[in-house]
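A note on names: the letters A, B, ... follow the listed sequences, proteins ahead of strands, and every chain is numbered from 1.
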Amino acid sequence: MPELPEVETTRRGLAPLLCGARIAALIVRDPRLRWPIAPALKRLLPGQTITKIERRGKYLLLDLGAGSLIIHLGMSGSLRVIAAENPPGAWDPFDIAFTDGQCLRMRDPRRFGALLYSEDPHHHPLIKNLGPEPLETGFSGPYLYDRARYRKVAIRDFLLNGHIVAGIGNIYANEALFEAGIHPSRAAGRISLVRYESLATAIVDVLNRAIAAGGTTLKDFAGSDGRPGYFKQQLRVYGREGEPCFRCHGTIARLTMGARSGYYCPECQH
DNA sequence: CTCCGATCCTGATGGC
DNA sequence: TGCCATCAGGATCGGA
């Protein structure tokens with residue numbers, strides 16, 4: 001899915017198109033997302049106006065003044081603003097139609113995404129326990145080091161835990177660990193403060209570069225303009241098993257860690 | 001509390 | 001060509 005850079009790319013694309021847009025209707029073609037779309041939204045939304053779009057981790061928050069829509073893209077979701085008369089595809093679970101004839105249409109083949117509403121989104125159960133934003137204050141090497149004390153979980157999985165730091169998924173966890181020279185299966189509690197400083201710097205660097213490239217498109221992801229993200233061309237380890245390391249000319253290896261692969265250079269990462 | 005595996009769902013891909 | 005197993009960018013839940 002869309003990780004932080006893909007969600008931020010989506011947010012930046014949508015904000016100028018949707019801020020000030022007045023909702024005419026919510027059209028639900030398939031409510032069976034990660035959490036079912038609440039039927040009450042169909043009568044709650046019409047007449048409301050989007051005032052701004054925020055991002056928290058991988059969640060988009062569409063501010064309606066009295067509350068917010070919370071959208072998650074799951075593994076395969078994307079959002080576009082198009083003319084409402086455009087015929088929907090088979091995997092487009094909902095449209096938010098606006099009074100100007102445009103609509104915000106979600107596409108999500110795997111249906112792991114979500115459309116929720118909260119009067120107080122930052123205290124919503126899915127959001128209130130998220131860790132700090134990696135691109136804002138509150139995130140740092142010492143923060144990661146403190147949270148990691150005595151923990152045996154692999155550092156790759158530690159970074160995937162949104163309650164530790166928000167928005168990092170498997171691609172950027174692997175890329176940041178390469179940049180910091182840390183082996184993905186090393187126990188989080190057995191990494192020095194100095195190395196956590198490098199890791200925090202690497203995370204910020206990788207995320208910023210990915211946002212600048214419009215995110216990473218492996219298969220499904222498209223920005224709100226329908227274009228893919230180009231960070232795939234800058235990936236140094238993710239998806240590169242058997243290919244040469246750019247730093248040492250060793251060979252990138254793949255490690256099965258639970259259900260998701262860890263990619264790393266055995267020469268550069270310890 | 002922490003950790004790990006199962007789970008939701010569909011589609012692409014590769015082996016036989 | 002067809003069939004089957006495996007693997008995917010997430011995140012919650014339950015059991016050990």
Side-chain angles (χ1 to χ4, degrees), chain A residues 1-10 29-37 55-60 70-79 89-94 106-116 124-131 134 146-177 184-190 203 206-207 210-211 213-223 228-235 237-242 254-263:
Chain A
M1 136 159 186
E3 304 181 31
L4 186 155
E6 291 75 40
V7 179
E8 179 62 18
T9 296
T10 300
R29 296 184 200 87
D30 190 346
R32 300 172 301 165
L33 299 183
R34 176 71 170 80
W35 291 276
I37 298 174
R55 179 189 55 73
R56 182 73 176 94
K58 298 168 189 166
Y59 295 90
L60 283 172
I70 302 171
I71 297 178
H72 196 288
L73 299 178
M75 292 278 264
S76 59
S78 59
L79 294 167
W91 311 122
D92 297 347
F94 69 82
M106 185 174 194
R107 175 181 157 83
D108 186 11
R110 289 177 72 182
R111 288 197 273 118
F112 283 179
L115 174 67
L116 304 164
H124 188 278
L126 291 171
I127 291 178
K128 68 179 179 190
N129 293 322
L130 288 175
D146 285 346
R147 293 297 302 266
R149 286 314 80 205
Y150 309 115
R151 296 190 63 163
K152 294 177 178 169
V153 67
I155 182 63
R156 198 285 310 259
D157 292 328
F158 185 70
L159 294 179
L160 289 186
N161 183 349
H163 296 115
I164 301 297
V165 54
I168 299 176
N170 201 29
I171 294 177
Y172 302 110
N174 279 283
E175 292 298 309
L177 287 168
S185 57
R186 171 169 287 274
R190 301 204 53 191
I203 287 168
V206 166
L207 294 178
I211 290 169
T216 301
T217 295
L218 295 179
K219 188 160 66 80
D220 290 310
F221 177 73
Y230 297 104
F231 194 69
K232 186 177 181 182
Q233 296 161 20
Q234 295 184 53
L235 296 178
V237 288
Y238 187 87
R240 296 192 65 245
E241 181 185 14
R254 183 170 75 95
L255 200 56
T256 298
M257 304 176 70
R260 335 185 43 186
S261 297
Y263 295 92

side-chain contact (heavy atoms from CB on, under 4.5 Å) against A:Pro36, all qualifying residues, sequence neighbours excluded:
none
Would you please confirm or rule out a distance under 4.0 Å between OP1 or OP2 of C:dC7 and any side-chain N or O of A:Ser261?
no
So which protein nitrogen or oxygen atoms get under 3.5 Å of nucleotides 2-4 of chain B's nitrogens or oxygens?
unit_1: B:dC3; atom_1: OP1; unit_2: A:Lys152; atom_2: N; d: 2.5
unit_1: B:dC3; atom_1: OP1; unit_2: A:Val153; atom_2: N; d: 3.1
unit_1: B:dC3; atom_1: OP2; unit_2: A:Arg151; atom_2: NE; d: 2.8
unit_1: B:dC3; atom_1: OP2; unit_2: A:Arg151; atom_2: NH2; d: 2.7

Applying a 4.0 Å non-hydrogen cut-off, can you work out what A:Tyr172 is touching in the nucleic acid: base, sugar-phosphate, or nothing?
nothing
Donor-acceptor pair, A:Arg56 side chain versus A:Lys128 backbone, under 3.5 Å?
no
What is the distance, rounded to the nearest whole Å, between atom NE2 of A:His72 and atom C1' of C:dA11?
7 Å
Taken to the nearest whole Å, CG/A:Asp30 to P/B:dC8 is 16 Å
Dot-bracket for DNA chain C: what is it, with Watson-Crick or G-U pairs under 3.5 Å, [ ] where a pair crosses earlier ones, and | for a pair to another strand?
.|||||||.|||||||
Donor-acceptor under 3.5 Å (A:Arg111 side chain, A:Arg32 main chain):
yes
Contacts under 3.5 Å, N or O only, protein and nucleotides 13-16 of chain C:
none

Taking A:Tyr238's backbone N and O only, do any of them form a donor-acceptor pair with A:Glu175's side chain (distance below 3.5 Å, no angle check)?
yes
Report the distance from atom CG of A:Leu126 to atom P of C:dA11, rounded to the nearest whole Å.
10 Å
Can you tell if the side chain of A:Phe94 reaches within under 4.5 Å of the side chain of A:Leu33, non-hydrogen atoms only?
yes
Give me the distance, rounded to whole Å, that separates B:dC9 from C:dC3 when you measure between the P atoms they each carry.
24 Å
In whole Å, I'd like the distance from the CD atom of A:Glu6 to the P atom of C:dA8.
17 Å
CD1 on A:Ile164 to CZ on A:Arg147, rounded to 0.5 Å
4.0 Å
I'd like to check the side-chain contact (heavy atoms from CB on, under 4.5 Å) partners of A:Arg107; sequence neighbours left out, ordered by chain and number.
A:Ser78, A:Trp91, A:Asp92, A:Pro109
A:Asn129 atom CG is separated from C:dA11 atom P, nearest whole Å, by 14 Å
A:Ile168 CD1 to A:Arg156 CZ distance, which is reported to the nearest 0.5 Å:
12.5 Å
Let me know the distance between CD of A:Glu241 and C1' of C:dA8, rounded to the nearest Å.
15 Å
note: A:Arg149, atom CZ; B:dC1, atom P; distance rounded to Å ~ 19 Å
Would you kindly say whether A:Asn170 and A:Asn174 are connected by a side-chain donor-acceptor distance under 3.5 Å?
yes
Please tabulate the protein-to-nucleotide N/O contacts below 3.5 Å involving nucleotides 10-14 of chain B, giving atom names and distances.
unit_1: B:dT10; atom_1: OP1; unit_2: A:Arg111; atom_2: NH2; d: 2.8
unit_1: B:dG11; atom_1: OP1; unit_2: A:Trp91; atom_2: NE1; d: 3.0

Candidate nucleotides C:dA8, C:dT12, B:dC8, ranked by approach to the side chain of A:Met75 - the nearest
C:dA8
If you round to the nearest 0.5 Å, how far is CG of A:Leu177 from CD1 of A:Ile155?
6.0 Å
For residues A:Phe231 and A:Ile171, determine if any side-chain heavy atom of one lies less than 4.5 Å from a side-chain heavy atom of the other.
no
Please tell me if A:Tyr263 has a side-chain N or O lying less than 4.0 Å from either OP1 or OP2 of C:dA8.
yes
Measure CE/A:Met106 against C1'/B:dC9 and give the value in whole Å, please.
13 Å
Interatomic spacing from NZ in A:Lys58 to CD in A:Glu8 - rounded to 0.5 Å:
14.5 Å
A:Tyr172 side, atom OH; A:Leu235 side, atom CG - distance, nearest 0.5 Å
7.0 Å
To the nearest 0.5 Å, how far apart are CG in A:Asp108 and CD1 in A:Ile71?
11.0 Å
Touch check for A:Leu160, heavy atoms < 4.0 angstrom, all strands: base, sugar-phosphate only, or nothing?
nothing
